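All of these numbers come straight from a predicted model, not from anything done at the bench. Numbers for residues simply follow the sequence, beginning at 1. No hydrogens, no waters, no symmetry mates; every other heavy atom, side chains included, goes into these values.
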Amino acid sequence: MATLEKIRSKAGLLVGVVGFALFAFILGDLLNSGTTFWRQSKEVVVEIDGEQIKIQDYQKRVDEMTEVYKMQSGMANLSEEIQTQLRESIYRSIVHEKVLEREAAKIGLTVTANEILDMIVGDEVSPMIQPLFTNPQTGVFDKKAASDFIKAVESNDPNISPGQRLYWSFLQRTLKYGRLEEKFNAFITKSLCANQLDAKTAYENNKATADFAYVMQPYSVIADSAVTVTDKELRRLYDLRKPYMKQQEERRADLLVVDILPSEEDFALINDEISKLKDEFLVTSEAGEIVNENSDVPYTDAFVSVNGLDPDAKNFATTALSMGDVMGPMLKNNTYRMMKLVDKKVGPDSLKIAVIPVASAQDPNAGKTADSLMAVIQKGESFNQVARDYSQSEQGGEMGWFTEVTASQGLGPDFKNKIFSTPVGQVVRMDINNTLCLFKVEDKSADVTKYKIADVVMNVVPSSKTYGNIYNKLNQFITQNRDLKTFADTAKAAGYNVLSDIVITGSDPTVYNIGSSRPVVRWVFNAKTGSLSEIFECDDKFVVAGLKSVTEKGFRPFDEVKDVLKRELIKEKKGEKIAADMTALGATSLSQYAEKLNRKVDSVQYVNFSTARISGIGMEPRLNAAAILLPIRELSAPIAGNSGVFVINVDKRTDNTTPFDAKAEVAKLESTLPYRMMYQVNQVLNDKADVEDYRIRFY
């Protein structure tokens with residue numbers, strides 16, 4: 001019994017203990033099961049109206065676009081700047097696609113798989129697809145080749161490369177959303193029409209034009225300090241303007257920027273290297289080899305006219321006394337340069353060339369096909385017509401004008417040598433990039449003196465020692481000065497440059513246009529206010545950031561826009577005061593106003609209601625209206641505009657004598673409505689979408 005009583009007396013404590021144990025058990029289970037949730041939320045790169053896009057899906061799209069860019073540009077590696085642009089493009093595409101998809105679904109619009117297939121192998125093939133599957137022999141779209149490719153992709157044919165699969169995925173998506181946008185825009189624009197009231201208003205707005213004279217009293221005649229603006233007035237204006245003050249999250253930072261520049265020792269080293277080459281450069285007959293072995297710019301084995309040379313090379317070529325002369329070394333813009341005149345001759349500066357790509361050089365019938373085409377040309381058919389008929393070239397094979405340099409850089413030195421030794425009007429055969437081609441020299445420029453110059457260029461760049469010295473000095477300063485409040489002053493005293501209060505958003509590709517500085521943006525958006533970053537290397541600069549403040553997403557705070565609002569109110573009050581003072585003058589003509597105000601009378605012509613900017617005045621919509629509505633030769637009351645207070649007198653008003661044609665005016669409006677409406681609808685839909693951008697977590 002005593003034991004039972006003891007248990008009863010401790011019942012509250014036991015219940016509490018058991019309850020806590022149960023809570024701990026449930027909480028532990030919740031946290032464990034929620035690990036996936038938290039991990040998944042951290043994988044979200046963008047959220048559009050509640051729909052989450054995971055980083056894996058976003059990155060797949062980036063990979064697709066990267067592959068497409070490489071294939072189209074021929075570049076194997078992309079710079080950080082280009083990659084940033086591609087990521088931004090994909091982000092905007094995803095947001096637009098999701099918004100478009102949502103709105104299209106509301107009205108029952110969709111794009112089926114069969115529609116996409118029809119755009120690829122149907123009766124009306126998309127212009128995006130046709131060039132990919134053009135028969136090289138006929139120049140005509142090959143539907144079977146397209147169909148075979150689709151089957152190979154869908155059957156996981158090992159001959160289809162990963163890059164081709166990414167490109168195909170990109171094409172399908174582009175076709176789908178391109179068609180969906182066409183449907184959506186058609187739905188919107190077909191529901192629009194201009195009525196006769198709209199047409200009449202547009203006609204009247206442009207019907208009359210006015211010439212008027214004016215006197216303007218600028219707002220600057222009253223000092224800002226003479227105008228009182230209360231906090232209550234500012235608050236009232238803020239509430240009125242607030243809907244137009246939406247902003248994304250912003251952060252303000254101080255940036256210490258240090259240029260990574262070569263030292264005097266680095267200059268001396270390069271000067272010594274290029275100077276040692278000079279003796280050999282003077283006597284060698286293989287100047288091109290010395291250039292290729294030592295120069296930062298490879299040797300161009302081509303003759304160049306004076307017009308194609310830079311000022312220094314031009315001066316050297318035209319003043320050299322004999323072949324083999326050498327100029328330099330000389331230093332300019334952190335670059336040492338030494339030139340040798342290798343040769344000169346007289347000849348055409350450039351050639352106009354046309355081409356017919358015949359077939360792959362591996363095609364066993366390529367030679368016979370080329371012979372057949374040559375025979376047709378020799379019988380009198382024009383080269384350009386054969387190019388149009390055989391290769392489907394709308395330009396008749398025209399390639400344009402080539403100098404020796406552009407010919408060598410574009411199609412190789414062998415092509416340059418052969419084409420510049422070919423007479424005008426003659427057709428030659430050449431293998432270019434594994435393709436048998438026919439080339440014709442159609443014209444040549446006048447003969448000029450051309451020069452071949454061997455040019456040794458050595459750029460002075462910071463050595464590893466210089467780099468280390470700059471870094472270590474900066475690192476020592478940062479280690480000893482971690483207080484952001486005094487950071488700018490101490491940095492300035494130490495000889496460093498600090499950029500203050502730089503506004504940064506999460507979508508900024510760089511900071512203050514400093515190359516490769518996206519890592520600084522990421523740090524700023526993951527740092528605590530008042531903290532200093534590590535040292536970032538951004539191209540040729542070291543950057544240290546200090547986070548000063550954070551402005552959350554939403555509306556710009558009152559304190560941040562207070563000064564802008566104050567300027568608006570000051571101008572408004574100045575306008576009221578100046579207008580009242582001008583009225584009190586009792587002037588009855590512009591000349592009297594000009595005399596009393598010590599101003600002059602100016603005039604403008606051909607102003608109508610729709611004139612965007614009035615010549616010599618600027619954007620003044622109140623003057624537009626006054627010019628059309630005021631009685632002729634009647635002095636206006638003072639009009640407060642954007643740049644000052646005006647008094648005007650309309651000298652003449654001319655009406656368009658063309659009678660109102662409702663049908664023509666309606667047609668004119670309807671020709672512009674669709675484009676304006678499509679743009680505006682897309683803008684409104686994107687603005688209304690609830691988009692959360694989390695890319696700063698990953699890039």
Side-chain angles (χ1 to χ4, degrees), residues 212-248 250-252 499-505 548-587 590-604 607 609-630 635-649:
F212 66 85
Y214 67 92
V215 172
M216 188 267 281
Q217 180 76 312
Y219 290 127
S220 58
V221 296
I222 299 178
D224 288 355
S225 58
V227 180
T228 301
V229 176
T230 67
D231 195 66
K232 184 177 180 180
E233 290 173 321
L234 288 170
R235 290 281 181 183
R236 187 185 303 119
L237 184 58
Y238 175 75
D239 292 338
L240 186 65
R241 298 280 188 267
K242 193 172 181 179
Y244 307 101
M245 294 183 181
K246 286 185 177 179
Q247 66 168 20
Q248 55 184 314
E250 292 180 349
R251 303 197 168 202
R252 289 180 181 270
L499 305 172
S500 299
D501 291 321
I502 304 302
V503 177
I504 303 171
T505 69
K548 296 182 73 174
S549 65
V550 175
T551 302
E552 300 294 343
K553 178 181 178 181
F555 296 98
R556 290 191 176 278
F558 172 75
D559 289 339
E560 189 174 307
V561 297
K562 183 177 180 179
D563 290 341
V564 176
L565 298 175
K566 186 175 182 179
R567 286 195 294 271
E568 182 180 343
L569 283 176
I570 286 174
K571 186 171 79 170
E572 182 181 312
K573 291 192 172 190
K574 283 184 178 182
E576 294 171 355
K577 176 70 167 60
I578 293 172
D581 291 345
M582 290 173 70
T583 301
L585 292 174
L590 288 179
S591 58
Q592 288 184 14
Y593 270 115
E595 182 180 354
K596 291 175 181 292
L597 296 172
N598 195 25
R599 298 289 164 185
K600 64 178 181 176
V601 179
D602 287 308
S603 62
V604 292
V607 175
F609 199 74
S610 301
T611 302
R613 299 184 67 84
I614 301 174
S615 176
I617 298 177
M619 188 178 294
E620 293 287 358
R622 291 180 179 176
L623 295 190
N624 288 62
I628 302 303
L629 299 176
L630 282 175
L635 191 66
S636 75
I639 302 168
N642 291 325
S643 53
V645 179
F646 297 81
V647 178
I648 77 169
N649 194 322

S.K.: Are more than 12 heavy atoms from other residues, nucleotides or ligands located less than 6.0 Å from atom CZ of Phe609?
M.R.: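 Not more than 12 within 6.0 Å, no.
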
S.K.: Any idea which heavy atoms bring Ala640 and Gly575 closest together, and the distance?
M.R.: CB-CA, 4.3 Å

S.K.: Show the nearest heavy-atom pair for residues Glu560 and Gln247, with the distance to one decimal.
M.R.: OE2-OE1, 3.9 Å

S.K.: How many angstroms lie between atom NZ of Lys242 and atom CG of Leu237, to the nearest 0.5 angstrom?
M.R.: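 Between Lys242 NZ and Leu237 CG, I get 13.5 Å after rounding to 0.5 Å.
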
S.K.: Kindly give the heavy-atom pair with the smallest separation between Val647 and Ser636, and that separation in Å.
M.R.: CG1-O, 3.5 Å

S.K.: Heavy-atom count check: over 12 atoms from other residues, nucleotides or ligands less than 6.0 Å from Lys600 NZ?
M.R.: no

S.K.: Supply the atom-to-atom distance Glu595 CD to Leu597 CG, rounded to the nearest 0.5 angstrom.
M.R.: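 Here the interatomic distance stands at 10.0 Å.
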
S.K.: Once rounded to the nearest 0.5 Å, what's the spacing between atom OG of Ser225 and atom CD1 of Ile570?
M.R.: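 Atom-to-atom, Ser225:OG and Ile570:CD1 are 9.0 Å apart.
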
S.K.: Does the Lys574 side chain pair with the main chain of Ser220, one donor and one acceptor, at a distance under 3.5 Å?
M.R.: no

S.K.: Under the side chain to side chain donor-acceptor pair (under 3.5 Å) test, which residues partner Lys577, sequence neighbours left out?
M.R.: Asp581

S.K.: Measuring from Arg241:CZ to Tyr238:OH, what's the distance to the nearest 0.5 Å?
M.R.: 13.0 Å

S.K.: Could you tell me whether the side chain of Ile648 reaches within less than 4.5 Å of the side chain of Leu630, counting heavy atoms only?
M.R.: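 Side-chain contact under 4.5 Å: yes.
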
S.K.: Does Asn598, at its CG atom, have more than 12 non-hydrogen atoms belonging to other residues, nucleotides or ligands within less than 6.0 Å?
M.R.: no

S.K.: Could you walk me through whether Tyr214 and Leu623 pass side chain to side chain contact (heavy atoms under 4.5 Å, CB included), step by step?
M.R.: CA-CA 10 Å; Tyr214 67 92; Leu623 295 190; 5.9 Å; no

S.K.: Can you tell me how far the CG atom of Leu569 sits from the OG1 atom of Thr228, to the nearest 0.5 Å?
M.R.: 12.0 Å

S.K.: With a 4.5 Å cut-off on side-chain heavy atoms, are Val221 and Arg599 touching?
M.R.: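 Yes, their side chains come closer than 4.5 Å.
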
S.K.: Between Gln217 (side chain only) and Gly644 (backbone N and O only), is there a donor and an acceptor less than 3.5 Å apart?
M.R.: no

S.K.: Decide, yes or no, whether a salt bridge links Arg235 with Asp231 under the criterion of side-chain N to carboxylate O below 4.0 Å.
M.R.: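 So Arg235 pairs with Asp231 through a salt bridge.
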
S.K.: Please indicate whether Lys573 has more than 12 foreign heavy atoms, meaning atoms of other residues, nucleotides or ligands, lying under 6.0 Å from its NZ.
M.R.: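 Buried by this count: over 12 neighbours within 6.0 Å.
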
S.K.: Sub-3.5 Å donor-acceptor pair from the side chain of Lys571 to the main-chain atoms of Asn642, do we have one?
M.R.: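 Answer holds: yes.
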
S.K.: Between Leu234 and Lys562, does a side chain to side chain contact (heavy atoms under 4.5 Å, CB included) hold up when you go through it step by step?
M.R.: CA-CA 7 Å; Leu234 288 170; Lys562 183 177 180 179; 3.8 Å; yes

S.K.: Taking side chain to side chain donor-acceptor pair (under 3.5 Å) as the definition, give me every residue that meets it alongside Thr611, ordered by chain and number, with sequence neighbours left out.
M.R.: Asn608

S.K.: Just to verify, what does Lys548 make a salt bridge (Lys or Arg N to Asp or Glu O under 4.0 Å) with, not counting sequence neighbours?
M.R.: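 Scan of Lys548 (salt bridge (Lys or Arg N to Asp or Glu O under 4.0 Å), adjacent residues dropped) gives Asp254, Asp501.
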
S.K.: Taking all atoms of both residues into account, what is the closest heavy-atom pair of Val601 and Ala213, and its distance?
M.R.: CG1-CB, 4.0 Å

S.K.: Hey, are Asp224 and Arg567 close enough for a salt bridge, meaning a charged N less than 4.0 Å from a carboxylate O?
M.R.: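 Salt bridge absent between Asp224 and Arg567.
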
S.K.: Decide yes or no for Pro638 and Ile578: does some side-chain heavy atom of the first lie under 4.5 Å from some side-chain heavy atom of the second?
M.R.: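 No - every pair of side-chain heavy atoms lies 4.5 Å or more apart.
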
S.K.: With rounding to the nearest 0.5 angstrom, report the CG to CD distance, Leu565 to Glu233.
M.R.: 12.0 Å

S.K.: Check Ile639 against Ala626 and note the closest heavy-atom contact, atom names and distance.
M.R.: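 Minimum heavy-atom contact is CD1-CB, 3.8 Å.
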
S.K.: If you compare all heavy atoms of Leu635 against all heavy atoms of Ala587, which two are closest, and at what distance to 0.1 Å?
M.R.: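 Result for this residue pair: CD2-O, 4.0 Å.
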
